[in-house]
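Here's the structure we're looking at; comments come further down.
Not measured: the values here are computed from a predicted model. So you know, we letter chains A, B, ... as the sequences are listed, proteins then strands, and number each from 1.
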Amino acid sequence: MAKLRPPCGRKRGVLQPCGEYVAAKRLGGSGMIDLKLVQKQPEVLEKALKARCSDLSVEEFLQLDGRRRALLTEVENLKSRRNAASAEVAAQKRAGGDAAALLEELGQLSDRIKELDAQAAQARSEVETWLLRVPNLPHASVPVGRDEQENVEIFRKGHIPVFDFAPREHGDIGTALGGLDFVRAARLAGSRFALSLGWAARLERALSNFFLDQHTGHGGYVEVSPPYMVNRASMTGTGQLPKFEEDLFGLRDWEYYLIPTAEVPLTNLHADEVLAEDDLPRAYCASTPCFRSEAGSAGRDTRGLIRMHQFTKVEMVRFAHPDDSFNQLDLMLDHACRLLELLELPFRVITLCTGDMGFSAAKTHDVEVWMPAQNTYREISSCSNCTDFQARRANIRFRPKGGKTVWVHTLNGSGLPTGRATAAILENFQQKDGSVRLPKVLAPYMGGLEVIEPA
RNA sequence: GGAGAGGUAGCGAAGCGGCCGUAACGCGCUCGACUCGAAAUCGAGUUAGGGGUUAACAGCUCCUACGUGGGUUCGAAUCCCACUCUCUCCGCCA
C-alpha cells in the first residue's frame with residue numbers, strides 16, 4: 001500500500017522526501033521570511049512578533065545564526081584551500097609529475113571538511129526551522145491589538161431583519177425542513193459533519209455555481225478544479241506547515257494532506273514559476289471541499305453548519321504586483337461583499353488587528369454576516385494580502401521588464417463558504433410558518449424554487 | 001504493474017571525472033549602433049543563494065548549487081546507489 005512513496009520534495013530543496021526539514025539550498029532566499037531583515041534589523045521583527053503575541057525569541061535566532069555563520073566561515077576557508085590544491089594536483093599530473101605529497105594532505109583536509117560540513121548543515125537546518133515558524137509581518141496600516149476584541153469595524157451594509165417571533169437557529173430550521181440531517185451524518189462520520197438532502201443539497205450546488213459564475217464573469221477569475229489533497233511542500237508554501245500540522249487531516253500511509261481551503265492548491269498553482277510582469281494581476285477561483293481538524297475548538301459552535309470538519313467553499317486567489325497588491329485586496333473584498341449584497345444578506349466588514357491575524361497574512365479584512373439566532377455577526381469571508389510571504393515559501397516570482405526576479409504578492413479570500421451562506425439564508429429569511437424564502441438571484445439555480453416549505 | 005527515455009539558467013538545448021557553473025549554441029530580455037521612426041541587421045550585457053569585508057541590497061573576495069538525498073574520489077553536471085517528477089510504449093482499471 002505504502003509502496004508508492006509520497007512525493008513531497010520540491011526542486012527548491014527546502015524539503016526532503018520524507019518530510020524532515022534539512023538544509024535549504026537557498027537559505028534566506030525562497031522558503032521563508034527575509035533572512036537579511038532578521039539579521040540586520042532584529043528589532044523590526046521583534047516588534048512585529050510582539051504585536052502578533054508570538055513567543056518566538058529573536059535572541060535565540062541570533063545565536064543560532066551566529067553559530068551557523070561561524071561554521072560556514074571555517075568550512076569555506078578549508079574548501080577554498082582544497083579547491084586550490086586540487087587544481088595544483090591537476091597541474092602536476094598534466095606535467096607528468098607525482099602529486100603524492102599533496103594528495104596525502106588533501107585526504108586529511110577532505111575528512112575535516114566532511115565533518116564541518118555536517119555541523120554546518122545541522123546549524124543551517126536549525127536556523128531554517130526557526131524561520132519557517134515566523135509569521136508574516138503585519139502591514140503598517142493594521143491596527144495593533146491583542147485579540148478579536150480589538151478588531152476594527154469598517155462599515156455595515158444591509159438591513160438586519162426584524163421578526164415578530166423568536167428566530168430559530170439554522171440547524172433546527174434546516175432539519176425541520178428535511179434538508180439537513182446531523183444525526184445520520186454523525187452516524188456516518190462523527191460530530192462536525194453535516195449531510196444535506198433534497199433542496200439543501202441542491203442549495204449547496206446552487207450557491208457554489210452562483211459564486212463561481214459571479215467570479216468568472218464579473219470578477220475575471222479563472223475557474224480551477226484542483227487536487228483536494230496536496231503534498232507537504234504545498235502546505236509549507238502557503239504556511240499551514242510546519243506550524244499547524246495538527247489543524248490538518250493527513251493520510252496515514254501517504255505524505256498527502258487534505259486541503260483546509262482551496263487557497264493551498266490555488267496559490268501553489270504557480271509554485272516554482274517565474275511569471276511575466278504582464279501576467280499580473282492573475283486571479284483564480286475554485287469550489288472545493290475543505291477539511292479541518294478543528295483541533296483546539298472543542299465545544300465551540302457544536303451545533304449547526306458553522307464549524308465543520310468538511311465543508312464546501314468557493315475561494316478566490318490573486319497574484320499581484322507588489323505595488324498593486326493592496327488595491328487587489330480592496331478589489332477582492334468587494335467581490336466577497338458583492339455576493340452578500342446579491343444574496344440580500346446584512347453584513348459588516350472588519351479589519352483584523354495584529355493579534356488576530358492568520359500566520360501568512362500581512363493584512364486581513366473579515367466579512368461577517370448577520371446571524372439572527374445568535375443576534376450577532378459571524379465570519380463568512382476572510383480576505384488577506386499575504387504580500388511576499390507565501391511567494392517566498394512557494395518560490396513564486398515575476399520578472400519585471402529587463403530586471404531581476406521579484407517575489408509576487410499573493411492574496412486569498414473566501415467567496416464564499418456554502419455552509420455558512422446556507423446558515424445565513426435560513427436564519428435571515430425564515431418566516432413565521434417555518435418556511436424560508438430564497439434570495440432572488442438563486443432562483444435560476446434552484447429550478448425556480450422561491451420558498452422552501454415544510455413538508 | 002512491465003519496458004524505455006529524460007529532469008542543466010526566464011525558455012529550449014550542449015557538455016558525460018580537473019581547461020564546463022559569471023554553463024557552448026539558440027530564443028527571450030536590457031543597453032547601444034544603424035534609422036525620420038520601426039523592422040531587419042550588427043555590437044555589448046543578462047543565474048541564484050550564502051560567508052567575509054563594508055555605512056551599503058555598492059564594490060572586492062570566497063563558498064555552494066546541473067530533479068532530491070546519499071556514496072566513490074584529492075577533485076563529480078559527468079561514475080555508483082536510492083528516491084522523485086515528466087514523457088513514450090505495453091498491461092490493468094473508473
When you check the phosphate oxygens OP1 and OP2 of [N], does a side-chain N or O of [X] lie under 4.0 Å from one of them?
X	N	result
R69(A)	G52(B)	yes
K79(A)	C62(B)	no
Q39(A)	C57(B)	no
K36(A)	G50(B)	yes
S86(A)	G18(B)	no
K404(A)	A48(B)	yes

Would you say the base of G52(B) and the side-chain of E76(A) have a donor-acceptor pair closer than 3.5 Å?
no

Using a strict cut-off of less than 4.0 Å between a Lys/Arg side-chain nitrogen and an Asp/Glu carboxylate oxygen, indicate whether [X] and [Y] qualify as a salt bridge.
X	Y	answer
R112(A)	E115(A)	yes
R338(A)	D334(A)	no
K313(A)	E315(A)	yes
D111(A)	K114(A)	no

Write down the distance separating the [atom1] atoms in [N] and [M], rounded off to the nearest Å.
N	M	atom1	result
G17(B)	U78(B)	C1'	6 Å
G1(B)	A9(B)	P	30 Å
U88(B)	A94(B)	P	22 Å
U72(B)	C79(B)	C1'	8 Å
C85(B)	G26(B)	C1'	27 Å
C83(B)	A77(B)	P	23 Å
A48(B)	G43(B)	P	25 Å
C80(B)	C89(B)	P	28 Å

Looking at M446(A), I want to see if its CE is surrounded by more than 12 non-hydrogen atoms of other residues, nucleotides or ligands under 6.0 Å.
yes

Which nucleotide in G51(B), G10(B), G18(B) has an atom nearest any side-chain atom of L72(A)
G51(B)

Among G75(B), G10(B), C63(B), the one nearest S110(A) by side-chain distance:
G75(B)

Please walk me through it: do D366(A) and S382(A) pass side-chain hydrogen bond (donor to acceptor under 3.5 Å, both in side chains)?
CA-CA 4 Å; D366(A) 270 9; S382(A) 194; 2.7 Å; yes

Applying a 3.5 angstrom cut-off to the pairing atoms, does RNA chain B sit in any stems of at least three consecutive Watson-Crick or G-U pairs? List them by first number.
B:1-7 with B:84-90, B:10-12 with B:25-27, B:28-33 with B:41-46, B:47-53 with B:59-65, B:67-71 with B:79-83

Calculate the interatomic distance between [X] atom [atom1] and [N] atom [atom2]; express it in whole Å.
X	N	atom1	atom2	value
N83(A)	U64(B)	CG	C1'	10 Å
E273(A)	A9(B)	CD	C1'	16 Å
R397(A)	C29(B)	CZ	C1'	15 Å
H270(A)	G10(B)	NE2	C1'	15 Å
R82(A)	A76(B)	CZ	P	6 Å
K114(A)	G71(B)	NZ	P	6 Å
F398(A)	G10(B)	CZ	C1'	14 Å
Q41(A)	A56(B)	CD	C1'	13 Å

Given that K40(A) and V75(A) both sit by RNA chain B, which one's nearest nucleotide is further toward the 5' end?
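Its nucleotide being nearer the 5' end, the pick is K40(A).
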
Most 5' of R81(A) and V274(A) on RNA chain B, judged by nearest nucleotide
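That would be V274(A).
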
Check the pair F193(A), F182(A) against ring-ring contact (aromatic ring centres under 6.0 Å, His included), reporting the backbone distance first and the verdict last.
CA-CA 7 Å; F193(A) 283 92; F182(A) 292 100; over 10 Å; no

Walk me through it: do E245(A) and Q240(A) pass the test side-chain hydrogen bond (donor to acceptor under 3.5 Å, both in side chains)?
CA-CA 7 Å; E245(A) 181 140 22; Q240(A) 279 73 22; over 6 Å; no

To the nearest 0.5 Å, atom CG of L305(A) lies from atom NE2 of H170(A) at 4.0 Å

For a quick check of understanding: with a heavy-atom distance under 4.0 Å over all strands, which category does N77(A) fall into, base, sugar-phosphate or nothing?
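No contact at all - N77(A) keeps every heavy atom at 4.0 Å or more from the nucleic acid.
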
